[in-house]
Every structure is written in structure tokens, then in C-alpha cells.
Amino acid sequence: MTVARGTFAYEFSEGSEQALASKEILGGKGAGLAAMSSLGLPVPPGFTITTEACRDYMAAGGLSGEIVEQVERQLGKLEESAGKRLGDSEDPLLVSVRSGATVSMPGMMDTVLNLGLGDAAVEGFAASTGDERFAYDSYRRFIQMFGDVVLKVEHEKFEAELESLKIEAGAEDDTDLSAEDLKGLIERYKRVVEDETGSSFSQDPREQLELSIQAVFDSWNTPRAISYRKEFDLPDDSGTAVTVQAMVFGNMGDSSATGVVFTRDPSTGDQGLWGEFLLNAQGEDVVAGIRTPKPIAEMEAFLPRAFGELLETMRRLENEYRDMQDIEFTVERDKLYMLQTRSGKRTAAAALKIAREMAEEDIISREEAVTRIDPSQLDQVLHPYIDPEAELEILAEGLPASPGAATGKVVFSADEAEERGGAGESVILVRKETTPDDVHGMVRAKGTLTALGGMTSHAAVVARGLGIPAVTGCKALKIDSSAGGFSIDGKTFTGEDTITIEGSTGRVVEGAAPLVEPEMSGDLERLLAWADETRDLGVRANADTPEDANRARSLGAEGIGLCRTEHMFMQEGRLEIVRDMILSDTDEATTDALSRLEPLQRGDFEGILEEMDGLPVTIRLLDPPLHEFLPDSVDLYERLAELGDEESSEATEIRRQLRVVESLEEANPMLGLRGCRLGIVRPGLYRMQARAIAEAAKNAREKGLNPIAEIMVPLVGFRTELAGIRTEIEAVVGEVLGPESPVRIGTMIELPRACVVAHEIAQEADFFSFGTNDLTQTTCGLSRDDAESAFLASYLEGGILEKNPFQTVDQDGVGELVAMACKRGRESRPDIKLGVCGEHGGDPESIRFFHETGLDYVSCSPYRVPVARLAAAQAAVNGEREALGVTR
Ligand code: ADP
Ligand code: MG
Ligand code: MG
């Protein structure tokens, strides 16, 4: 197809064989019809008015003379090839008017069928088809659809007339109505139109057509369509195409039918026949659910010839598109017509199976197969989900904020969630919304449910980070904390009640729904293996415990990119020692506390190094401000007050602690005494950690393993910071492991200054790992917790920001700094290893950027590892395609 600007309508037969390229102009439906036409398949003739015409219409606020003229010209050609004329009183042409955007989009105009009928044409139609009843039934269907869809008359108004006529005529079904009954119904319908719109039903087919075209264009901007585009990140300015097509009739008796088929099963991906059909019915009837369709296999018995042709056509279309197709057809008096083909929507499981089988059948390449899976859809198969076979009492639906399903007793405060969850009970935290103050409870809950908040609300973001399910924005939920419960639709739930939430779909279910544990299916493993062959970027995981490390490894992680030591400090029984260490005021006391901590740390590291035998493990030295480990000063004051005036050794001790606690309080802890600054102010701490790491490695080695520990220093901004710490660590490691087996020492890059002076810092670092969360905070001057709990949502809604920069890396700002640091770091130390740790490392769009920037690996939460492997492979394939100038 040669595409010319200002050509507003194309005949199907002008359509391209490269349907993909023409989709943007003709919409998915128009492109599919054009492609089927050019394959010589039986498509009723027609033409498509382009998306460019829609944009022109929206800009001008009406149909330009040029568009009207081109439509008229195409209609003339259509009349010629059909051998019939629109509105003709002897043998009229009838058409359908169909909407179709580039990406298939519910929420736009419904199809108008049988357009072109009027009082005169219907008589000709009755004569030419030899079936008066059929003709009048078509006319009344047309008035009803046109009235509903184009004139916006309520559907019920027509239904009411139909119902009362059926009662008067003593008819049980629509089909019991005679031609005479239908003539009467048409008069009633016309009156409804007149009453509701103030003008009579148009008898001018040209006008009917023009109004329909405008209605399709207008439907681009209905609230439903707009919110759909927002939800799925689709552009608002592309517009929709309109297809005008000669009608064929599946409702001309028992040698006619209409149906929908998929070339493979869209829920399992299995090969074989999948679909439904209805004898003697018109398109919409299958979907409308008035009659129950039959399984497609039964069509063979009724319409053997058309059935055989359909099978052959399905095979051809799948081969042509090299993908599973979703096909609409109609049989008119034994003759098959194709009305639509498009790539079928499918579940994640089906997508995996289809991609695998198509590659194994050599229909597509392995690289292509890898690009066929939507990484975000993988979440569906990597988390527990509600057994699809189960009978459910669905209470409400909210937003699918964080994937996975969970069952538990409902709790209404974070403290209660922490307490009951910590004691091993399964609980679901139910809140109006969450704030940073609720995180300690979310961590212990199996899932979180909130009444307010969207997909980027605090609850959603935190839950995704933690890998626990969440449903947010569940509007039906009414929380009444005074009554200690919540209600949905008047039904009340308290702390003794159990619910199930499914964060992949947003469903909230009463009671304990049966859950299915995910497993790596053979299809998934195969595709991920192909992804591994394709990608350049390494994938590691963030893991702080041997269990996490084990899970990460089984999901394909090639090492640990971030092992945080602070979680180990927080554990039961250890916090006391950590506090002793911080609160100590003599060197001896500090040394004593550190020597009690060291064996515990060594044990942690040993466990992780064993799990990751042979793979690198990057251990970050202590990062957060010390006061996070200390008692709250308010609590200490309270205890002091309880003791009264009486002087005791306890009171003295509390006062001493208070002095330290208050001396460590900071106005701005995020930018205060934390990260490598701790290591400099309290050198014993990092020395202890380095010794524990080195000894853990030594022990693992003595067991015959191959531990690869890497030590990472956080929050470095100046070369001199790292230089001093490096010297100390090297000395300790050398003492334990000997000079022959050095441990790699590197740094987190999470300050803009570090990026700028990366060439200097690289002199002291064997690797950089970009801490993109802190780097985003420090570059944008945004505190994540404050932004996400307050103003970020309005930034996103108002379009000030397109994406949450904590989920998808801000390429123009933070990304530039990352690129600069990579370049400067490599210039000064060519063999430096470059990685990313943090949530961005599991985000497909960010992964693509990191691939393009030339990083060596990304590191993300264990559950995201498969997603990252796939996204990294897709980035590699797309990069290659772009280099070859292939666009899609
Ligand atoms: P949707 O986008 O909702 O699938 P379609 O434009 O495909 O809408 O049309 C809805 C129904 O009308 C389908 O079942 C289709 O087969 C039927 N239909 C559309 N155009 C024609 C036609 N020219 N002849 C017969 N049936 C048609
Ligand atoms: Mg359709
Ligand atoms: Mg950090």
C-alpha cells in the first residue's frame, strides 16, 4: 500500500500485505481486513477511513469536505463491486460501520449493522432476499442499534417496546414475531427516536453513514476510552479508524451462521479447535449471550463445506501472521466470509506455550519467541493465584497493585499486623491507605488491601518492593475503625474473619479461597533458557538471607548484587548487642560488643556464600544511620518519668542512653551520619564486618566450596572516603585470607557527585553498583517516602511526570548521570564491573536503558529475576533490530 498524506480512505484491496505497517493508519481491524483481502480470502468488500481522518476531524471539529468527498468516492466503488446501491428501493446495499484503533481498545463505539435501510429500501430488501420477515427484522435491528450507538437513545427504551409487543402478540421469543408484528415494532421504534431526539429517524442512507462515522470518531474521547488509554499507557492523539463494509448475513436460515474462533486455545495455548458459533444468527448475537453458542467442532455436522474452508483459512492466517489469531466469520447460505483477524489475547501460560511451540515448529525464531512474552505478564505465573476452578464469593474488586494471592485474618493496624503476623498468624492488613508508618506491619502481613490509592500509591509501591500481594483503590470497602471492622455492601468483617486477596487481578474474596502455588513450567524454563542465550546483561538478585539466596538461585540469578547487612542487625537477640555497641562509651565496651557480633555475622555470610557457591555475592557494609537501631528518646523519657525522682543505677543508665540517642538524632538522617561515613567515624564496625566476610569465605573454602565474596562500601562521594576504608578492609582481609586471595572491593554509586568524579573513585573501586533508589532521591531532591505518600500521585495525574521515577529510571536526569559514571569509570579503570541494584533492576523499561548504557548486570528482588532475564533478552533483540533498521 502506498500511503499518501491526505488520503483519508482506502479500499480493502488497496491494503498492504504488510498489515503491521498499515495498522497505524487503518487501525487493527482495517489492516486485518485489508491483509485478508490481499491474501484472496473471502472478505465482503469495503473500505477503511484512516486514523489521520480522525485526527483531522478532531482538530477541525467536523468532517472536512475532502473527507466527505473521499468517502463518497469509496462508497461509489463499493457499490460498484457489490453490484448494489445504498438505499436502493429494489436491491439495496447494506453496510456495517465498525471502529478500530491501532491497538484494539474496548470503550469505543459499538458496531452498527444493517446500515442503509429505510422505509423504501426495506421493501426492496424484502423482495431481493425473498424473505419479508428477515428484511423487517433487519430494519428494526438497525433502528435499535443506530438509535443506541449513534443517537444515544437508551437501549432499554427499545427493549421495552419489544417486550410489550411480544406480550400483545403472545410471542415467547423474538423469532415468534411475524413480519406484520415487526412492521408495527418499527413504527414504535421510530416514535421512540422522535421522542428522545426531537427529530425523525433518518431516511437518508448518506446521512446515516455520515452520522455513524462521526460517532465513531467522537467515541475516541469517551471517558471509558480515555481511562483505558491511561491504564495501558496508550497515546491519546493517534485516533481511531472507521471501517465501512458490505453486510453479509448469518441470520438467513439454517444454512447460515456466525462465530468466533481462535487458532489455539487462548487460556492454555493448546493446539486444536477453540471457538463458538451460532446457527441463523447475526454477529452480535454470539457475544450478547441471548442464545448459547455451540462449540465450533459441532459446526462440521451442520455446515461441512464452510467448516472445511474455515479450518484451511485459520491455518493460513496463523502462518501468515506467525501468531495465534482471533477470527470472526459469518456463513451466509453456505458461503464463508471472513470478518476479522487479529493476534489473540492470551493468558501468560498460553503465551509461553504458544511462543515455545511456534519456535520449535520453526514458525518463528527463538529470539522472536522471547520477544513474544510481555515481561509484566510473567507476574501471573510467578506468584500464587486463586484456583481458577474454585467457586468464589467475590466481595469487591480493586486495583491489581502487586501480584500474588494471599489469605488471612483481617487486621486494621500496622501494629496488630506486626504482632499477629510476627507470631506466625496469616493476616491481611486492611487500611484506608498506608503511609511509611505502616511498613513494619505490611512486612509481617501476607497481603495489603486499601480502600484508597492507585497503582503508584504507597501501599502499591511498598508491596511490590516487598514482593507481597496488594489490592489498592478498593472503593467498595468502608472502613469503620471504631467498630473494629470494615464493610462491603453492608456485610461486616472483623478481626476474626478471613478474606483472600488476589493482587494480580484486584479481586477481594470472602473466606480462604484455594490458592495454586506457582511453579516454573517447562515452557517458562525453555523460554528463559533462550532468553539467557540472547541477553548480554547479567542478572543477579538482592538477597539478605540464605533462604532468599536459594530462591534467587533457583529462579536463575547469577549471583547476589546486593546483600544488606542491616537486616541481620535487626534480628531478635542481636539488636541488644548492636545497641551495646552504639551506646558504649569506652573503647573496651565497643570492642567487646563488636566481638560478640562478629561470629553472628560470620554465620550469616557463610550461609549465603554456601547457597551461592561459585557465584559472586556483593555484601554491602552497614548503611543506615545508627539511631535506627536505638530506642526512641520518647520511650526513654517515659521510662525515666516512671522511675520518679528516686536516684537509681537504672535511672543513671537511662540518662546515659538518652545522651547518646539525642547526640545521634539528626535533622536530616538521609543525608547525615550513614553509609561510609559510619565506617570512617567508627572504623571498628567496618573492620568487624570485613573480618566476618573474610572468615566466612575461608570457612566455605575449607569445606571445598568456591565462595566469591565482594565487599561494597555505601554512599561514597569522595575518592578519599573510599581510599581510607579500602586500606583498612584490605588489611583485615589479607590477615584472614592471605595476600594471595584478594576480595574485590567496590562501591555503591548513589550520589550525583560520585557520578561526576567516577574516574577518581574508580581508582579505588573494583566495581560500581548503582544504587538507583538513593541516586534518584539525591539527584531529583525527592524523598521517596514523602513523595509517594503525598504529592507524587498528583505529579503523575497532572502529567508533570510521566512515570514514577522510583519505578522506572528517569533516563534524562538520573540516567544521564549513570551513563556519565559508566564512561568515566571505565576510562580510568577499563576492567571495572558495572551493575545496578534496586527496584529499577527489575523494571523492564529501565533494564532496556541499562542494556543500552552498557552495564554488566542488573540486580533485583528474587521474584523479579525471571522478568529481568526476559527483559534483558528483549532489550538485546530490540537493540539488534534497531541497528539493522527494522521497525515494528
Ligand atoms: P468488535 O470490535 O466489537 O469485535 P466488530 O466491528 O468486529 O466489533 O463487529 C461486531 C460484530 O458484528 C461482529 O460479530 C462482526 O462479525 C459483525 N459484523 C461486522 N461487520 C459485519 C458485516 N459486514 N457483515 C456481517 N457481520 C458483521
Ligand atoms: Mg470484532
Ligand atoms: Mg542507598
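Each residue takes its place number in the sequence, starting with 1. For ligands, and for the atoms within them, numbers begin at 1 and follow the listed sequence.
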Partner of Arg188 by salt bridge (charged side-chain N to carboxylate O under 4.0 Å, His left out), out of Glu163, Glu194, Glu161, Glu159: Glu161
Polar side-chain atom of Asp176 near backbone of Asp173 as donor-acceptor pair, under 3.5 Å: yes
The Mg ion (ligand 2): protein N, O or S atoms [distance under 2.8 Å]: Glu328 OE1, Glu328 OE2, Gln340 OE1
Between Ser202 and Asp204: side-chain donor-acceptor atoms closer than 3.5 Å: no
Per-residue contact class, Gln340 against ligand 1 - non-hydrogen pairs under 4.0 Å: side chain
Lys/Arg cation over aromatic Tyr136: Lys183, 6.0 Å, 45° cone: yes
Within-cut-off N or O pair, Thr330 and ligand 1, under 3.5 Å: no
Validation row, ring centre Phe142 to ring centre Tyr189 under 6.0 Å: no
Proximal ligand 1 atoms for Thr111, defined as those under 4.0 Å from one of its heavy atoms: 5 (P), 6 (O), 8 (O), 9 (O), 10 (C)
Any donor-acceptor pair under 3.5 Å from Gln214 side chain to Gly62 backbone: no
Within reach of ligand 1, part of Lys29 (heavy-atom separation under 4.0 Å): side chain
Atoms in ligand 1 with a heavy atom of Glu328 nearer than 4.0 Å: 4 (O), 7 (O), 13 (C), 14 (O), 15 (C), 16 (O)
Ala246 N/O under 3.5 Å from ligand 1 N/O: yes
is_close_aromatic(Phe134, Phe125), centroid dist under 6.0 Å: yes
Per-atom contacts of ligand 1 with Val248, taking only distances under 4.0 Å to non-hydrogen atoms: 24 (N), 25 (C)
Part of Leu113 with heavy atoms under 4.0 Å of ligand 1, whether side chain, backbone, both or neither: side chain
Lys/Arg-Asp/Glu bridge criterion (N-O < 4.0 Å) met for Arg372, Asp323: yes
N or O pair under 3.5 Å between Arg98 and ligand 1: yes
N/O donor-acceptor pair under 3.5 Å between Arg229 side chain and Trp220 backbone: yes
Check: Gln74/Gln70 side-chain N/O donor and acceptor closer than 3.5 Å: no
